[in-house]
Amino acid sequence: MDGIIIPNEIIENKIYLIRNTKVMLDRDLAILFDVKPYRLREQVSRNLDKFPEHFMFRLNEVETQIMISQNAIPSKQALGGSLPYVFTEHGILQLSNVVKSEKATQISIKIIEIFVNMREFLSNNLSSKIDIEEIKRRLDNNDKNVELLFSYLDEMMDKNENKIERIKIGYKK
């Protein structure tokens with residue numbers, strides 16, 4: 001990626017979870033691709049057949065208001081008065097084919113790599129959490145087994161104390 005230096009953190013901070021899907025706003029992608037947001041939307045609307053629902057969808061009013069309240073979008077006017085499109089990982093790759101610029105291609109590759117890294121990180125984290133839960137479960141079982149063992153030992157000691165006749169020591173009359 002010659003000449004393009006965008007820290008991963010900047011891109012990662014522009015990835016949102018909407019409808020249980022990681023997406024990026026059209027406005028953010030336009031800035032990263034170095035095109036005007038309305039031009040990006042224009043290209044998308046001319047090529048809607050290339051963007052099925054799992055590649056891209058439009059936010060509804062409620063979702064847009066939530067994004068504004070979370071400062072992801074400064075205002076509805078910043079969107080040109082329209083509801084924003086959001087793009088999934090696949091949609092971002094397809095978007096670079098529609099925008100057709102070298103920068104868009106390079107940036108979309110970087111974004112895809114970040115999506116892959118995030119997925120790997122989450123997968124590794126999930127695996128670690130599962131391992132920890134398994135260890136906790138085993139420890140709980142071990143605790144119960146140790147408690148049971150001590151209760152058996154206590155019972156055996158009580159029985160043995162009753163069976164053993166003690167020899168009295170000391171002064172005898």
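Just so it is clear, the structure is predicted and the values come from calculations on it, not from any experiment.
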To the nearest 0.5 Å, atom CG of Leu29 lies from atom CZ of Arg27 at 11.0 Å
Counting only heavy atoms not in Asp49 (residues, nucleotides, ligands), do more than 12 fall under 6.0 Å from its CG? yes
Of Leu17, Thr88, Asp28, Ile92, the one forming a side-chain contact (heavy atoms from CB on, under 4.5 Å) with Val23 is Thr88
Tightest non-hydrogen contact, residues Val62 and Asn60, listed as N-OD1, 3.1 Å
Taking the side chain as every heavy atom from C-beta outward, state whether Ile111 and Lys14 have any pair of such atoms under 4.5 Å apart. no
From the list Ile31, Val98, Asp26, side-chain contact (heavy atoms from CB on, under 4.5 Å) partner of Leu40 resolves to Asp26
All heavy atoms of Ser96 vs all of Leu93, minimum pair found to be OG-O, 2.7 Å
To the nearest 0.5 Å, atom NZ of Lys22 lies from atom CE of Met118 at 5.5 Å
On a heavy-atom basis, the closest approach of Tyr16 and Leu25 is CE1-CD1, 3.9 Å
ask   = Is Tyr38 reachable from Leu48 through a run of I, L, V, M, F, W or Y residues, each pair having side-chain heavy atoms under 4.5 Å apart?
value = no
Residues passing the salt bridge (charged side-chain N to carboxylate O under 4.0 Å, His left out) test with Arg58, sequence neighbours excluded, are none
In this structure, OG of Ser45 is separated from OH of Tyr85 (nearest 0.5 Å) by 5.5 Å
Across all chains, not counting sequence neighbours, the salt bridge (charged side-chain N to carboxylate O under 4.0 Å, His left out) partners of Glu12 are none
Checklist entry - Does a salt bridge link Glu113 with Lys110, judged by any charged N lying under 4.0 Å from a carboxylate O? => result no
Contacts of Phe57 meeting ring-ring contact (aromatic ring centres under 6.0 Å, His included) (sequence neighbours excluded), chain-then-number -> none
Scanning both residues in full, the closest heavy-atom pair of Ala30 with Pro37 reads CB-CA, 3.6 Å
When every non-hydrogen atom of Glu63 is compared with those of Leu59, the smallest separation belongs to OE1-CA, 3.4 Å
Between the CD1 atom in Ile112 and the NE2 atom in His90, the distance rounded to the nearest 0.5 Å is 8.0 Å
So CD of Gln43 and CZ of Arg39: to nearest 0.5 Å the spacing works out to 8.5 Å
To the nearest 0.5 Å, atom CD of Glu42 lies from atom CG of Asn47 at 10.5 Å
Tell me whether Gln94 contacts the main-chain N or O of Lys50 through its side chain, where contact means a donor paired with an acceptor under 3.5 Å. yes
Q) Are any side-chain N or O atoms of Thr21 and backbone N or O atoms of Arg19, one a donor and one an acceptor, separated by less than 3.5 Å? A) yes
